[in-house]
Amino acid sequence: MARHLITSAIPYINGIKHLGNLVGSQLPADLYARYLRARGHEVLFLCATDEHGTPAELAAAKAGKPVADYCAEMHAVQAELARGFRLSFDHFGRSSSRQNHALTQHFAGKLDAAGLIEEVQEQQVYSNADKRFLPDRYIEGTCPNCGYDKARGDQCENCTKQLDPTDLIAPRSAISGSNDLEVRQTKHLYLRQSVLKDTLDAWIDSKTDWPVLTTSIAKKWLHDGDGLKDRGITRDLDWGIPVRRGKEEWPGMEGKVFYVWFDAPIEYIACASEWSEAQGLDASAWERWWRTDKGADDVRYTQFMGKDNVPFHTLSFPATILGSAEPWKLVDHLKSFNYLTYDGGQFSTSQGRGIFMDQALEILPADYWRWWLLSHAPESSDAEFTWENFQVSVNKDLADVLGNFVSRITKFCRSKFGERVPDGGAFGPDEMDLLHAIQERLGRYEALMQAIEVRKSAQELRAIWASGNEYLQTVAPWSTFKTDPEKAAMQTRLGLNLAHFFGVISSPFVPDASEVILESFGTPAAGWPESANTAVDQLKAGHAFTVPDVLFAKITDEQREKWQSDFSGT
RNA sequence: GGCGUUAUAGCUCAGUUGGUUAGAGCGAACGACUCAUAAUCGUUAGGUCGGUGGUUCAAGUCCACCUAACGCCA
């Protein structure tokens with residue numbers, strides 16, 4: 001059995017994420033992790049919060065808290081929401097961890113030794129009032145092109161012209177509004193990614209099974225204009241990982257920290273170390289996942305992310321790893337997603353537009369969101385969330401097709417045979433047809449899940465649920481019972497086994513409902529079926545069960561209308 | 001402005017390397033069943049595959065141009 005390392009893009013610490021963020025990385029990663037575990041694979045599924053950088057500092061200041069405290073609190077909040085959505089991380093780490101500090105500094109040292117770090121003198125805007133250097137986007141002023149008075153230092157949002165902070169007329173700090181700004185000399189480290197361009201290009205070319213979204217973005221960055229550009233990896237900030245060359249000081253870089261995009265992906269590795277520490281294991285426990293010289297050769301590493309994160313994962317992070325010349329594991333498969341839009345527009349954190357993770361869980365259980373989001377995952381293009389579609393999909397798929405099936409067969413059995421799997425009868429042509437159909441669908445479902453075809457997997461799973469209803473409708477045990485109780489017993493026994501089977505194979509999508517189904521049959525640890533034949537022979541005659549409560553209550557029109565207006569944004 | 005992605009039935013989407021009458025789910029109409037959360041099952045209707053031109057014996061599927069939406073531009 002292969003071992004699988006799975007990481008989800010790490011969410012930024014600054015606030016609660018919306019459903020678009022969730023479906024773009026953490027949720028599909030969880031689906032895949034749960035599936036592989038269910039199939040008996042050894043899985044290490046990691047995620048963390050991305051905690052460094054200016055936005056975190058500003059959010060902390062706004063909350064009136066020290067940035068470290070703020071991050072610790074928000075980490076706890078995000079961890080709780082992850083649990084709420086049943087995200088089955090083996091560890092949910094923090095990019096501010098001791099391990100990440102050490103590892104980030106280690107990589108910088110190795111890259112420098114390999115001649116891949118360049119020291120560059122640059123001019124940057126410094127705010128005397130804020131006592132800090134200002135990133136381009138935190139400088140506001142009047143656009144020289146269109147006269148818009150809230151243009152940012154990197155771009156004018158009104159006329160979309162690319163700008164340099166020094167282009168702005170009457171520049172001011174976006175943080176304090178102060179116009180007491182000056183341009184200062186400062187020194188920064190650049191990662192010479194351009195040196196690795198051909199290596200990265202060849203590596204990307206070898207990945208023929210990646211989504212086009214992934215490779216097209218990577219290729220574009222590699223070949224656009226002058227090709228892959230070097231990137232600054234340091235910043236003049238307080239909050240971050242101090243610039244060091246391994247364990248040594250880095251003369252001339254005192255008081256500076258690594259830029260967040262450099263240390264964030266390294267947290268994928270550091271997180272494994274945090275995991276082994278939390279588990280009370282020694283270093284070899286995590287190194288066998290990450291070091292190809294220490295046992296990670298048989299690991300298959302899959303990353304999940306939204307499309308905005310693709311450049312970092314296809315180019316910058318691989319450049320860091322390859323450039324270190326150390327035997328770190330590179331990503332094998334990279335699954336990227338487009339955006340989820342909300343009633344015709346974008347989700348927006350700043351405008352409070354859309355649905356956020358905490359709000360979602362306040363109105364409905366995780367399974368509802370998991371099902372809708374995964375069955376509508378933005379794989380081939382952006383996907384739109386609408387309340388009407390959500391209501392219809394959830395009611396039909398979960399309540400009618402799956403939930404009602406479990407309900408109808410367990411209640412039928414209870415009324416005719418009692419709460420035990422009935423004995424007697426033998427399979428006939430109808431049953432053979434059903435088994436044949438299910439065997440085929442199960443095989444397709446497994447192949448699609450293996451290939452991380454999220455939407456198609458959901459479709460296939462739904463079709464399997466529907467086959468249960470088709471079967472009952474065809475053989476009609478309620479009629480058979482009147483003339484041939486033995487045969488009705490066989491049909492009912494098969495129906496109950498189908499419900500049990502659905503419970504097992506649905507767990508990656510709807511883990512809570514799956515658990516309820518299996519508990520009602522008293523088989524919480526039921527394993528993945530080897531075939532349709534064994535799947536429908538798990539519950540033997542005489543096996544006791546209880547009728548579960550309604551698995552999925554329907555969303556009413558009143559609820560939908562209320563939520564629609566509650567979440568319309570302002 | 002440059003680049004990229006997308007554009008297929010009312011809605012959400014599938015359509016492998018170009019090859020017989022373009023598919024699914026939802027919604028709609030009709031019918032069946034009555035065990036079940038008025039749930040389920042079946043049948044039917046519905047598309048000149050964004051537009052124009054081209055390559056080919058043959059194009060939704062390749063090429064060019066155009067249009068629209070979305071995104072990225074370090």
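So you know, we letter chains A, B, ... as the sequences are listed, proteins then strands, and number each from 1.
Rounded to a whole Å, the NE2 atom of A/His376 is 12 Å from the P atom of B/C26. As a whole-Å value, the separation of A/Asn469 CG from B/G25 P is 14 Å. For A/Phe312 and B/C73, the CZ to P distance is 9 Å, given to the nearest whole Å. Whole-Å rounding puts the A/Gln473 CD to B/U34 C1' distance at 9 Å.
Among the atoms of the strands shown, only primed sugar atoms or phosphate atoms (P, OP1, OP2) are found under 4.0 Å from some heavy atom of A/Ala466. A/Val392 comes within contact range of the sugar-phosphate backbone alone, with a heavy-atom separation under 4.0 Å but no base atom that close. Residue-level contact check: A/Leu551 touches the bases, meaning some heavy atom is under 4.0 Å from a base atom. Backbone-only contact: A/Lys411 has heavy atoms under 4.0 Å from sugar-phosphate atoms and none from a base. Among the protein residues, A/Lys456 comes within range of the sugar-phosphate backbone only, with heavy atoms under 4.0 Å from sugar or phosphate atoms but none that close to a base. Using a 4.0 Å heavy-atom distance criterion, A/Tyr339 is classed as a sugar-phosphate-only contact. A/Ala399 comes within 4.0 angstrom of a base, heavy atoms only.
Around the CG atom of A/Asp557, the shell of radius 6.0 Å holds more than 12 heavy atoms that belong to other residues, nucleotides or ligands.
One finds a salt bridge joining A/Glu57 and A/Arg132 here, because a Lys/Arg side-chain nitrogen approaches an Asp/Glu carboxylate oxygen to under 4.0 Å. Classification of A/Arg444 and A/Glu440 as a salt-bridged pair holds, one side-chain N sitting under 4.0 Å from a carboxylate O. Taking 4.0 Å as the cut-off between side-chain N and carboxylate O, A/Asp512 and A/Arg370 do not count as a salt-bridged pair.
Distances were taken from every side-chain heavy atom of A/Trp478 (C-beta onward) to each of B/C35, B/G15, B/C41; the shortest belongs to B/C35.
Mapping A/Lys307 and A/Arg231 onto RNA chain B via the closest heavy atom, the residue that lands nearer the 5' end is A/Lys307.
Applying the Watson-Crick and G-U wobble criteria (two distances, each under 3.5 Å), B/A28 pairs with B/U44.
A donor and an acceptor atom never sit less than 3.5 Å apart when one is taken from the side chain of A/Asp400 and the other from the base of B/A39.
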